[in-house]
Enquirer: 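The structure's right below; bear with me while I get my questions together.
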Amino acid sequence: MIDILRTYCSTHDINFIYGTRAYQNAISGRKKYNAGERILLADFRIRPQFEGYKVSRTQWEGTLALGQVSEETTRANLSEFPIEKYDNRLKQLYADLLEIIKEISCTNDISVISATIRFDLNKFDLNADFVAGNFTFEI
């Protein structure tokens with residue numbers, strides 16, 4: 001799953017950060033992001049399913065989040081109201097995250113078992129807005 005996400009991001013010009021929240025914060029703060037530049041965060045736990053001694057399927061449970069600091073006209077900040085964040089970037093990020101999930105699922109025989117999606121505003125020292133979710137994928 002991680003290789004699939006990393007490959008998708010590299011071919012779609014999205015910054016990919018895998019790891020725990022503290023690691024994501026540290027790594028995301030090392031770069032200055034341009035307008036419209038996206039960040040995909042991932043952190044998973046793996047649950048292999050065995051048939052005898054062989055792994056038949058694997059469930060990947062964890063967080064996947066798509067975010068950005070700014071688009072062409074505005075930049076995420078603490079004084080921006082949540083409805084402005086929604087209009088400026090969250091609505092599009094939500095649609096784009098669903099498109100990413102659809103594309104990787106279809107091309108890699110991945111089943112989406114469950115998803116709960118939320119908006120994470122002003123995340124990290126970076127002050128970026130994210131559409132994040134708890135997902136379970138099965139490969």
Side-chain angles (χ1 to χ4, degrees):
M1 186 71 183
I2 296 164
D3 288 333
I4 291 167
L5 291 169
R6 181 173 37 197
T7 300
Y8 180 90
C9 288
S10 68
T11 59
H12 290 83
D13 201 28
I14 299 172
N15 297 282
F16 179 65
I17 303 173
Y18 177 77
T20 64
R21 185 177 177 94
Y23 180 77
Q24 291 170 353
N25 185 38
I27 295 300
S28 67
R30 290 183 179 178
K31 180 180 176 182
K32 181 174 175 19
Y33 295 92
N34 297 318
E37 198 168 356
R38 300 288 175 87
I39 307 163
L40 186 70
L41 308 173
D43 185 20
F44 290 105
R45 285 149 305 288
I46 304 164
R47 181 185 298 175
Q49 297 174 353
F50 292 89
E51 287 183 17
Y53 59 90
K54 293 182 180 181
V55 175
S56 59
R57 298 286 284 173
T58 304
Q59 287 190 347
W60 293 74
E61 300 172 341
T63 305
L64 196 59
L66 182 65
Q68 69 185 63
V69 178
S70 66
E71 63 288 328
E72 294 298 324
T73 56
T74 64
R75 183 170 183 83
N77 64 67
L78 295 172
S79 63
E80 187 180 32
F81 293 111
I83 195 66
E84 292 173 309
K85 290 177 174 295
Y86 176 78
D87 290 337
N88 291 337
R89 69 194 68 81
L90 294 172
K91 182 174 21 178
Q92 187 61 53
L93 286 170
Y94 175 71
D96 292 347
L97 179 60
L98 293 181
E99 186 60 32
I100 290 169
I101 291 167
K102 178 179 135 188
E103 193 171 326
I104 66 168
S105 296
C106 289
T107 58
N108 295 283
D109 192 28
I110 297 172
S111 298
V112 181
I113 304 301
S114 67
T116 304
I117 299 174
R118 66 188 178 279
F119 298 139
D120 283 349
L121 309 180
N122 305 107
K123 190 170 180 166
F124 302 138
D125 297 337
L126 183 62
N127 199 32
D129 294 328
F130 286 84
V131 174
N134 296 320
F135 292 90
T136 302
F137 299 102
E138 187 172 88
I139 301 174

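Computed from a prediction, not measured in an experiment: that's the story for all the values here.
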Enquirer: Does any part of the side chain of Leu93, heavy atoms only, come nearer than 4.5 Å to the side chain of Leu97, both counted from C-beta?
Expert: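 A side-chain contact under 4.5 Å is absent here.
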Enquirer: Going from CG on Leu40 to CG on Leu66, what distance comes out if it is rounded to the nearest 0.5 angstrom?
Expert: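 Rounded to the nearest 0.5 Å, the CG-CG separation comes to 6.0 Å.
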Enquirer: Does Ile2 share a hydrophobic cluster with Val112, counting links as ILVMFWY side-chain heavy atoms below 4.5 Å and allowing steps through other members?
Expert: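 Ile2 clusters together with Val112.
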Enquirer: Decide whether Phe137 and Val55 are clustered together by the hydrophobic rule: side chain heavy atoms of Ile, Leu, Val, Met, Phe, Trp, Tyr closer than 4.5 Å, transitively.
Expert: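 Different clusters: Phe137 never reaches Val55 through Ile, Leu, Val, Met, Phe, Trp or Tyr contacts under 4.5 Å.
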Enquirer: Listed by chain and number, what are the side-chain contact (heavy atoms from CB on, under 4.5 Å) partners of Ile46, not counting sequence neighbours?
Expert: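 For Ile46 the side-chain contact (heavy atoms from CB on, under 4.5 Å) partners, ignoring immediate neighbours, are Pro48, Thr58, Trp60.
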Enquirer: Hey, what do you get for CZ (Phe119) to OH (Tyr94), rounding to the nearest 0.5 Å?
Expert: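 Nearest 0.5 Å value for the CZ-OH distance: 8.0 Å.
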Enquirer: Do Ile100 and Leu64 come within less than 4.5 Å of each other through their side chains, counting heavy atoms only?
Expert: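 With C-beta onward as the side chain, the pair stays apart.
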Enquirer: Below 4.5 Å, heavy atoms only, C-beta onward: do Gln49 and Glu138 meet side chain to side chain?
Expert: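 Contact flag for Gln49/Glu138 side chains = yes.
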Enquirer: Rounded to the nearest 0.5 Å, what separation is found between the CZ atom of Phe130 and the CG atom of Leu90?
Expert: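 The CZ atom of Phe130 sits 11.0 Å away from the CG atom of Leu90.
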Enquirer: Identify the heavy atoms of Asn122 and Asp129 that sit nearest to each other, and give their distance.
Expert: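 Closest approach of Asn122 to Asp129, heavy atoms only: N-OD1, 2.9 Å.
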Enquirer: Just verifying a value: how many Å separate Ser105 OG and Ile139 CD1, rounded to the nearest 0.5 Å?
Expert: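 One finds 9.0 Å between OG of Ser105 and CD1 of Ile139.
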Enquirer: Are the side chains of Arg21 and Asp43 in contact, using a 4.5 Å heavy-atom criterion?
Expert: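 No. Closest side-chain heavy atoms not under 4.5 Å.
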Enquirer: Can you name the nearest heavy-atom pair linking Glu103 to Thr107, along with the distance?
Expert: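 Smallest interatomic distance, heavy atoms only, reads O-OG1, 2.8 Å.
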Enquirer: What's the shortest heavy-atom distance between Ser28 and Tyr33, and which atoms?
Expert: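 Closest approach of Ser28 to Tyr33: O-CE1, 3.1 Å.
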Enquirer: If you count heavy atoms of other groups shown closer than 6.0 angstrom to NZ of Lys102, is the number above 12?
Expert: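 For Lys102, atom NZ is not crowded (no more than 12 foreign heavy atoms under 6.0 Å).
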Enquirer: Taking the side chain as every heavy atom from C-beta outward, state whether Phe16 and Tyr8 have any atom pair closer than 4.5 Å.
Expert: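 No, every pair of side-chain atoms sits at 4.5 Å or beyond.
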Enquirer: Please examine the side chains of Asp96 and Val131, heavy atoms only from C-beta on, and report whether any two atoms are closer than 4.5 Å.
Expert: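 A side-chain contact is absent here, since even the closest heavy-atom pair is not under 4.5 Å.
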Enquirer: In this structure, are over 12 heavy atoms from other groups packed under 6.0 Å from Tyr18 atom OH?
Expert: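 Yes - once you tally the heavy atoms of other residues, nucleotides and ligands closer than 6.0 Å, there are more than 12.
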Enquirer: Rounded to the nearest 0.5 Å, what's the gap from CD1 on Ile83 to CG on Asn88? Could you check?
Expert: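 If we round to the nearest 0.5 Å, Ile83:CD1 and Asn88:CG are 10.0 Å apart.
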Enquirer: Counting only heavy atoms from other residues, nucleotides and ligands, does the tally under 6.0 Å from CZ of Arg118 exceed 12?
Expert: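 Yes, the 6.0 Å shell around CZ holds more than 12 heavy atoms from other groups.
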Enquirer: Out of Ile113, Ile101, Thr63, which one pairs with Phe135 under the side-chain contact (heavy atoms from CB on, under 4.5 Å) rule?
Expert: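 Single pass found, and it is Ile101.
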Enquirer: Would you say that more than 12 heavy atoms from the other residues, nucleotides or ligands in this model lie under 6.0 Å from the CZ of Arg45, or not?
Expert: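 Atom CZ in Arg45 is packed in, count exceeds 12.
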Enquirer: Between Leu5 and Ala42, what is the shortest heavy-atom contact and its length?
Expert: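 Reported closest heavy-atom pair: CD1-CB, 4.1 Å.
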Enquirer: Could you tell me whether the side chain of Asn108 reaches within less than 4.5 Å of the side chain of Met1, counting heavy atoms only?
Expert: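 In short, these two side chains do not touch, never coming nearer than 4.5 Å.
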Enquirer: At what distance, to the nearest 0.5 angstrom, does CD of Gln24 lie from NZ of Lys123?
Expert: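 Going from CD on Gln24 over to NZ on Lys123, the span is 6.0 Å.
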